[in-house]
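Letters go in sequence order (proteins before strands), and every chain restarts at 1.
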Amino acid sequence: MSDRQYWLMKSEPDEYSIDDLERDGVEPWDGIRNYEARNNMRDKMNVGDGILFYHSRISPPEIVGTMEVASEPYPDPTQFDPDSKYFDEKSSEEDPRWKLVDVKFVQKFDEPVSRTAMKEEPALEEMVIFKRRRLSITPVTEAEWKKIHEMAGAEVK
DNA sequence: GCCAACGTTGGC
DNA sequence: GCCAACGTTGGC
């Protein structure tokens with residue numbers, strides 16, 4: 001799997017946390033309503049890609065574990081549900097605007113890696129998360145992936 | 001909880 | 001198709 005790619009995906013733990021994913025095992029990453037984030041899921045991800053799970057909007061924001069892409073892209077069901085806060089009246093079943101992938105729990109870090117710690121690490125200063133403030137799904141390099149695991153004292157999986 | 005940054009919408 | 005207004009994200 002030499003062509004394995006890596007990603008970072010943000011979630012507010014009040015909405016969906018690493019503990020929720022550990023409990024659920026596999027979960028659709030729904031509710032993404034940003035085109036670039038969608039494009040990453042729809043056009044670039046492959047089953048088996050590694051994903052850093054990032055807790056946002058808490059203090060401190062931190063990487064709390066990892067997951068894996070677990071499906072091909074498919075339409076986000078919440079866009080068709082009028083009762084969902086992610087309902088999109090401009091989308092249709094024939095031409096769905098929003099697609100997502102399923103993610104699978106891999107591991108929870110014993111020592112989460114905070115945004116501050118990441119910022120202080122020179123090897124991570126080029127991370128896309130620091131340049132694209134509001135993008136919730138960003139690419140990660142293999143070197144960054146390994147470095148984060150090292151900082152978490154975790155086995156690279 | 002504030003509010004700057006910034007992606008998106010819609011009038012023209 | 002420009003760009004002001006709007007709405008949301010997310011660090012602090």
Ignoring hydrogens and angles, write down the donor-acceptor pairs under 3.5 Å from the side chains of residues 102-111 of chain A, residues two or more places apart or on other chains.
residue, atom, partner, partner atom, Å
A:Asp102, OD1, A:Tyr74, OH, 2.5
A:Gln107, NE2, A:Glu155, O, 2.8
A:Lys108, NZ, A:Asp19, OD1, 2.6

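- The ring pair (Phe, Tyr, Trp, His ring centres under 6.0 Å) analysis of residues 127-148 of chain A, with sequence neighbours excluded, yields the pairs A:Tyr6-A:Trp145, A:Trp145-A:His149.
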What donor-acceptor contacts under 3.5 angstrom involve side-chain atoms of residues 54-65 of chain A, with partners at least two apart or in another chain?
residue, atom, partner, partner atom, Å
A:Tyr54, OH, A:Arg115, NH1, 3.0
A:His55, NE2, A:Ile18, N, 3.2

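- Of the possible donor and acceptor atoms, one in the side chain of A:Asn34 sits under 3.5 Å from a partner among the backbone N and O of A:Ala37.
- The distance from atom CD1 of A:Ile58 to atom P of B:dG1 is 16 Å, rounded to the nearest whole Å.
- Of the residues in residues 121-138 of chain A, those lying under 4.0 Å from DNA chain B by heavy-atom distance are A:Arg132, A:Arg133, A:Arg134.
- Listed by chain and residue number, A:Ser92 satisfy the side-chain contact (heavy atoms from CB on, under 4.5 Å) test with A:Glu94 (two or more places apart in sequence, or in another chain).
- Under the side-chain hydrogen bond (donor to acceptor under 3.5 Å, both in side chains) criterion, A:Ser91 pairs with A:Gln79, not counting sequence neighbours.
- Residue A:Lys85 contributes atom NZ, which lies 11 Å from atom P of C:dT8 at whole-angstrom precision.
- Scored by the side-chain contact (heavy atoms from CB on, under 4.5 Å) test, A:Asn39 finds A:Arg42, A:Asp43 as partners (sequence neighbours excluded).
- When the C1' atom of B:dG7 is taken as reference, atom CG of A:Asn39 falls 13 Å away, rounded to whole Å.
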Could you run down the sub-3.5 Å N/O contacts of the protein with nucleotides 10-12 of chain B?
residue, atom, partner, partner atom, Å
B:dG10, OP2, A:Lys90, NZ, 3.3

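- In terms of position on DNA chain B, the residue among A:Arg57 and A:Arg97 whose nearest nucleotide sits closer to the 5' end is A:Arg57.
- Other members of a hydrophobic cluster containing A:Val26 are absent, since no ILVMFWY side chain comes under 4.5 Å of it, directly or through relayed contacts.
- Distance CG (A:Asn34) to P (B:dA5): 19 Å, rounded to an integer number of Å.
- For the pair A:Tyr54 OH and C:dT9 C1', the interatomic distance rounds to 11 Å; values are reported in whole Å.
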